[in-house]
Amino acid sequence: MTTHPQVLAGTPAIGTARSRVEGRDKVSGKARFAGDLPVERLAHGAVVTATIARGRVTGIDTSSALASPGVIGVVDHRNAPRLVPGVGSPFFGPDGQLQLLQDDRVAHGGWPVALVVAETPEQARAGAERLRLTFVEQPHDTAFAADHPAARPALPAFGPDADKGDLDAELAASAVVVDERYTTPAQHACAMEPHVATAWLEGAVLRAIDSNQAPYGIAAQLATLFGRPLSEVRVQVEQVGGGFGSKTGLGPQLILATMATLLFHRPVRVTLTREQVFLATSARPRTDQRVRLGADRDGRLRAIGHEAAFEISGESEFIENCVEIAKTLYAADAIRTRLTAVPLDILPVASVRAPGTAPGSFALESAVDELAERLGVDPLELRRRNEPEVGPVSGLPFTSRNFQRCLSEGARRFGWAGRDHRPRRRREGHLLIGTGMAGTSFLTTAFPSSATITAERDGTFTVAIAAIDIGTGARTALRAIAADALGVGWDAIRLEIGDSAIGPAWQAGGSLGTTSWGWAIVAAARDLLKQLEPGPALPVSVTSDTTEEIMSRPHRERHSYSAVFAEVAVDPATGEVRVRRLVGRFAVGRVVNPLMVRSQLTGGMVMGLSIALQEEGVRDGVSGRQVNADFAGYHFAANADVPFIDADFVDDHEPDDPLGLKGPGEIGAVAVAAAIANAVWHATGRRHRDLPIRLDRVVEG
Ligand code: MOS
């Protein structure tokens with residue numbers, strides 16, 4: 001196939017279960033995260049945040065802080081470098097969130113107002129505590145309501161609202177109608193590793209090591225914000241201890257570290273505290289969703305209406321796209337979706353673990369269960385009867401749609417057959433036992449990226465791409481993809497990632513890191529193998545750009561699918577809900593590494609369990625501040641909460657992707673909350689339309 005000297009006919013690496021390449025380093029403590037890297041002459045910045053929910057900084061007395069041991073200086077709005085205004089976030093609108101320390105205003109509780117820089121982190125923290133700040137408070141509005149006077153249509157970034165058929169007429173003609181409201185609370189990404197950045201100047205080049213999901217995109221944004229050419233900004237990302245959406249954008253840690261290094265001419269590291277990660281980065285918005293379903297007596301859907309309102313910060317645009325699956329999952333004569341944004345004086349909202357789809361599927365898939373109840377049919381059977389032939393709204397063909405297989409294989413594994421569909425029928429002592437199920441689709445695609453592959457003199461290949469490994473195993477997956485694409489053994493691949501200087505590449509986000517990066521590697525390998533045929537002098541390098549290939553694909557419906565089954569035991573006296581079993585079946589395209597993908601899906605299902613039962617960012621209306629900004633108050637599933645989980649794949653292949661990939665990143669976290677809520681209804685006879693399903697809500701029922 002090629003004359004390259006040491007090309008080995010290796011067994012295909014894709015599809016092989018392998019441990020992650022950096023696993024040993026991680027468990028032995030050798031792996032370095034952004035806050036671990038030694039940097040000479042390093043200074044440390046401690047962030048100071050506003051204690052009011054809205055208003056102005058009226059005074060900053062730095063004298064005591066500056067006299068504090070080790071303190072080098074203070075950055076605040078009076079001396080901070082000027083930023084270029086109107087720099088949008090990469091995917092959404094104007095981003096006032098980025099305009100830190102530009103004036104005296106406080107946009108929300110937790111807004112950064114100063115950075116104290118010192119020789120050590122402890123000295124910086126001590127200095128920060130001695131900063132004397134005064135504020136004038138202005139009235140704030142942090143109370144979310146779908147009918148808030150400021151409510152307005154969300155940006156149409158994910159396509160227009162669906163308006164197929166006549167929803168009202170179809171509802172009126174339906175034998176059975178469900179019309180219910182569902183709410184979900186604010187949720188936080190909760191990455192283990194807090195946001196941390198180190199910035200320094202190397203000649204004219206602004207360099208940074210940051211914990212983020214998108215080195216190239218964030219370097220580009222940083223360059224624009226500070227008015228520098230991109231060629232003079234370089235952002236590197238080492239090991240990342242999770243992001244879950246909260247590190248897709250340029251974070252306050254990197255903006256403030258950059259300001260400090262420009263002012264004090266020292267490398268500066270800024271590490272947010274856990275509380276600051278909660279208060280000053282981003283969160284998933286609260287949602288309030290109305291779902292209307294209408295069906296014939298035999299269960300055929302005539303109408304799907306899904307209207308979702310979500311809160312946003314007045315500082316930055318975002319779209320919590322709750323209505324995606326209403327356009328995809330089921331056939332219906334009329335489908336209407338609406339997305340409404342409610343601007344408030346709150347922390348910017350942004351992507352968190354399956355943005356939009358996770359809260360949206362809770363509402364829609366709970367409503368479908370309610371419809372099954374009112375029809376007196378098996379909720380699994382109801383989903384079988386409404387399988388669409390083509391995109392229900394778009395009319396476009398599906399590339400590969402294996403939703404029904406997820407349903408049937410999941411049902412078989414779970415033991416769904418023979419379920420008594422009436423609620424409150426099973427007891428074990430004082431416990432009420434129930435089962436429930438839900439499904440979802442999840443948008444998949446690939447985004448333009450570039451990769452450079454070099455055939456080295458020693459027969460190895462260096463594969464460089466500005467990807468990052470957020471902890472999911474991207475290094476391991478990309479190495480397998482490169483080995484197969486080049487037709488060589490695993491050991492012949494040297495992978496370089498995590499550096500904006502490599503070139504444009506998509507982020508570790510939208511479940512589309514591996515699809516986007518894998519495509520770029522395949523394209524570069526294809527060109528390189530051609531160039532190697534005449535047997536040129538080595539090394540030879542080739543750089544790919546997948547923009548044209550990706551953009552010229554036909555318009556089709558591309559989605560992953562899942563079905564999730566849950567069994568719960570509810571203690572009616574204490575309100576405690578224990579999930580006993582979770583079974584998930586996933587159609588996520590070809591699986592690059594079954595070991596890691598199963599682990600990722602299992603992790604996603606744990607997040608779904610957390611969303612169902614535990615997670616809730618609580619805001620105090622009087623102070624406007626979040627009151628549970630830590631892991632003591634913000635509950636998240638821990639080992640003892642996690643039951644038997646069986647996550648597995650059904651055969652699936654994406655025909656419009658060169659590797660057949662779809663992207664298993666986030667879908668594990670979807671559909672679980674509805675499956676659990678439906679199981680709690682089956683156990684108790686009571687619907688829970690507000691998440692999380694807390695003890696007090698269960699007991700009140
Ligand atoms: Mo993700 S929540 O697309 O980083």
Side-chain angles (χ1 to χ4, degrees), residues 20 184 187-192 213 240-248 284 324-325 351-362 365 403 406 409-410 413-414 437-444 469-474 477 508-515 559-566 579 581-589 591-615 636-639 641-650 652 661-677 691-692:
R20 64 195 69 228
T184 63
Q187 291 158 1
H188 291 260
C190 297
M192 285 275 277
Q213 299 177 226
V240 180
F244 306 106
S246 72
K247 296 173 183 171
T248 52
R284 191 205 300 276
E324 176 59 35
I325 68 172
S351 290
V352 175
R353 302 182 250 121
T357 317
S361 77
F362 166 68
E365 285 292 276
F403 182 43
C406 294
E409 291 190 20
R413 178 68 181 90
F414 185 80
M437 53 94 40
T440 196
S441 60
F442 200 92
L443 264 180
T444 182
D469 192 330
I470 201 171
T472 48
S511 301
L512 298 171
T514 304
T515 58
H559 310 270
S560 299
Y561 299 90
S562 79
V564 174
F565 296 78
V579 178
R581 292 193 292 145
L582 282 176
V583 171
R585 285 297 177 270
F586 299 88
V588 288
V591 171
V592 175
N593 185 329
L595 182 69
M596 290 190 306
V597 173
R598 196 170 282 122
S599 160
Q600 195 167 6
L601 292 169
T602 303
M605 291 174 77
V606 175
M607 297 172 202
L609 187 156
S610 282
I611 289 171
L613 299 181
Q614 297 167 326
E615 289 189 65
F636 200 96
N639 289 3
D641 301 303
V642 176
F644 170 80
I645 293 182
D646 177 328
D648 210 345
F649 334 107
V650 305
D652 194 34
L661 308 183
K662 283 185 177 173
E666 293 160 287
I667 191 170
V670 188
V672 181
I676 291 173
L691 291 183

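Note that the structure is predicted; figures quoted are calculated from it, not measured.
Phe403 and Gly439 make their closest contact through CE1-CA, 3.9 Å (heavy atoms, listed as atom of the first residue, atom of the second, distance). Shown here for Asp652 and Gly589, the closest heavy-atom pair between the two residues is OD2-N, 2.8 Å. Shortest non-hydrogen contact noted between Asp641 and Phe636 is OD2-O, 4.2 Å. Here the closest heavy-atom approach between residue Val583 and residue Gly410 is recorded as CG1-O, 4.0 Å. Nearest heavy-atom pair, Gly243 versus Ala191, reported as atom, atom and distance to 0.1 Å: N-CB, 3.9 Å. Nearest approach of Ala637 to Val606, heavy atoms of both residues: CB-CG1, 3.9 Å.
For the residue pair Ser511/Glu666, the side-chain donor-acceptor check at 3.5 Å is satisfied.
To the nearest 0.5 Å, atoms NZ (Lys247) and CD1 (Ile470) are separated by 7.5 Å. Considering OG1 of Thr440 and CD of Glu324, their distance stands at 9.0 Å, rounded to 0.5 Å. Summarising the geometry, atom SG belonging to Cys406 is positioned 10.5 Å from atom CG belonging to Asp648; distances are rounded to the nearest 0.5 Å. Here the straight-line distance linking atom CD of Gln600 with atom OG1 of Thr514 works out to 7.5 Å at 0.5 Å rounding. From Ile676, atom CD1 reaches atom CE of Met605 across 8.5 Å, with rounding to the nearest 0.5 Å. With rounding to the nearest 0.5 Å, the separation of CZ in Arg20 from OG1 in Thr472 is 7.0 Å.
In terms of modelled atom types and a separation under 3.5 Å, the side chain of Arg581 and the main chain of Phe414 share a donor-acceptor contact. When atom types are taken as modelled, the side chain of Thr515 and the backbone of Leu512 share a donor-acceptor pair closer than 3.5 angstrom. No donor-acceptor pair under 3.5 Å is formed between the side chain of Ser599 and the backbone N or O of Leu595. Checking side-chain atoms of Ser441 against main-chain N and O of Ile325 turns up no donor-acceptor pair under 3.5 Å. In terms of modelled atom types and a separation under 3.5 Å, the side chain of Asp469 and the main chain of Ala474 share a donor-acceptor contact. A side-chain donor-acceptor contact under 3.5 Å links Gln213 to the backbone of Gly245. At distances below 3.5 Å, at least one donor-acceptor pair connects side-chain atoms of Arg284 with backbone N or O atoms of Arg353.
For the pair Arg413 and Phe565, the cation does not sit on the ring face, since its NZ or CZ is not both under 6.0 Å from the ring centre and inside 45° of the axis.
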Side chain to side chain contact (heavy atoms under 4.5 Å, CB included), that's the test. Do Val642 and Thr602 meet it? Break it down for me. CA-CA 10 Å; Val642 176; Thr602 303; over 6 Å; no

Let me see the working for Val597 and Val592 under side chain to side chain contact (heavy atoms under 4.5 Å, CB included), right down to the final yes or no. CA-CA 8 Å; Val597 173; Val592 175; 5.6 Å; no

Please test His559 against Leu443 for side chain to side chain contact (heavy atoms under 4.5 Å, CB included), starting from the C-alpha separation and ending with a verdict. CA-CA 5 Å; His559 310 270; Leu443 264 180; 3.7 Å; yes

Please assess Val588 against Phe442 for the test side chain to side chain contact (heavy atoms under 4.5 Å, CB included), listing each intermediate value before the final yes or no. CA-CA 9 Å; Val588 288; Phe442 200 92; over 6 Å; no

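Looking at heavy atoms from C-beta onward, Phe244 lies out of side-chain contact with Cys190 at the 4.5 angstrom threshold. Contact check for Glu615 versus Ser610: side-chain heavy atoms found under the 4.5 Å cut-off. Gln187 is listed as a side-chain neighbour of Ile611, based on a closest heavy-atom distance under 4.5 Å.
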